[in-house]
Structures are given as structure tokens and as C-alpha cells.
> 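Mind having a look at this structure? Questions to follow.
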Amino acid sequence: MNYWLMKSEPDEVSIDDALAAPKKTVPWTGVRNYQARNFMRDQMRVGDGVLFYHSSCPEPGIAGIAKVASTPYPDPTQFDRKSKYYDAKATKEEPRWMLVDVQIVKKIPLVSLAQMRERPELEDMLVLKRGNRLSITPVEPRHWKAIEKLLSRSG
DNA sequence: GCCAACGTTGGC
DNA sequence: GCCAACGTTGGC
């Protein structure tokens, strides 16, 4: 089993939006970066752990624990002319963008970016690396465990 | 709003 | 294939 961190802008899909969705599950639409797509398409497995991260907002940080809830399938927004994620070069026969469904396991007290930066054991998480802009990054098991430990400590 | 970092595009 | 210009991300 692998672990991932997935960024969502709460203005678009927040942890509360995802919790309110049927089966607490949302399709991870709108990824338009090949590296991030490839993680979903090639490496994610149903049941993988996901850190649900809020980005581009007043309080960036990890807002929930989730899991991969589907195998990859084409992102429907790439075919939707009205969507800002529409991609004229994608066809149903040859879709360009693949996604997975993500199911919330639990909402957590926000582990803010600032808090994450304070923890030496999280120092080399990819998401904290300078200049990192990838919206999906793999998370090492030791980092996952360190975050679980932080959560159990805070209750 | 600023700006560093980095991905993408397109001319050559 | 190179690389400058441009666009986007995302924290601050």
C-alpha cells in the first residue's frame, strides 16, 4: 500500500464538500499536470492512503485522511466544453487525463503548513520542498506515520 | 498583489 | 533538440 498527498483548493472542493458528497467520495477532477496524472493512472491502488491537503487558501495544510476509492478512469471534465478543465485535444477514444475517486476516511484538526514545517521528521516531505508545485506527491511511510503520531498526540 | 519556481509552448 | 518567453502554482 502506498501513501499520497493530494492538494485541493477548498474554494473548489474542501474537506467538508467531500464529506457531504455521496459515500464521502469525490472524483479528483481537474489535474492537468502529467506527473500528477501519471501517479493516479499508473501508481495508485484502491485503498492507498491519502492526505487531503488544502492549498491556495488562508490556512494551507492537511485537513483530512482519505483513501483511493477507484481504479483510474477518464476525467469527465476534459470533454466538457463548459468546464474550465476542458481539453480540446482529448477525445473519448483517446482521453488525455485520468483520475481516481477519493473517499474521506476522517476529517482531522488542520495540520497547518506552518506546523508541518516545524516538525523535523517531516522536513524532507516532497510537499515541503522549496518550489514544489506538484498537486499530487507520494508520501513516504515514515512521514505518514509521523503525521498519524501528531494526530494521536493532539487527540 | 508579489514573486520564486518550474512546467509548457513554440520558433528556430 | 534547444531555450527564451510565457503561464501557472501557491505561499506569503
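Please read all numbers here as calculations on a predicted model, not as lab measurements. Chain identifiers are assigned alphabetically (A, B, ...) following the order of the sequence lines, protein sequences preceding nucleic acid strands; residue numbering begins at 1 within each chain.
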> Measure the shortest side-chain to side-chain distance between A/Tyr3 and A/Asp48 over non-hydrogen atoms and say whether it is less than 4.5 angstrom.
no
> First contact, last contact: which nucleotides of DNA chain C are these for chain A, 5' to 3', heavy-atom distance under 4.0 Å?
C/dG7 to C/dC12
> Quick test of your reading: applying side-chain hydrogen bond (donor to acceptor under 3.5 Å, both in side chains), list the pairs with at least one residue in residues 53-74 of chain A, sequence neighbours left out, ordered by first then second residue.
A/Tyr73-A/Asp101
> Partners of A/Asp87 by side chain to side chain donor-acceptor pair (under 3.5 Å), sequence neighbours excluded?
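Expected list: A/Trp97.
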> Does A/Glu148 come within less than 4.0 Å of A/Arg153, counting only side-chain N to carboxylate O?
no
> A/Asn38 versus A/Gln35: any side-chain heavy-atom pair under 4.5 Å?
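Counting from C-beta outward, A/Asn38 and A/Gln35 never come under 4.5 Å.
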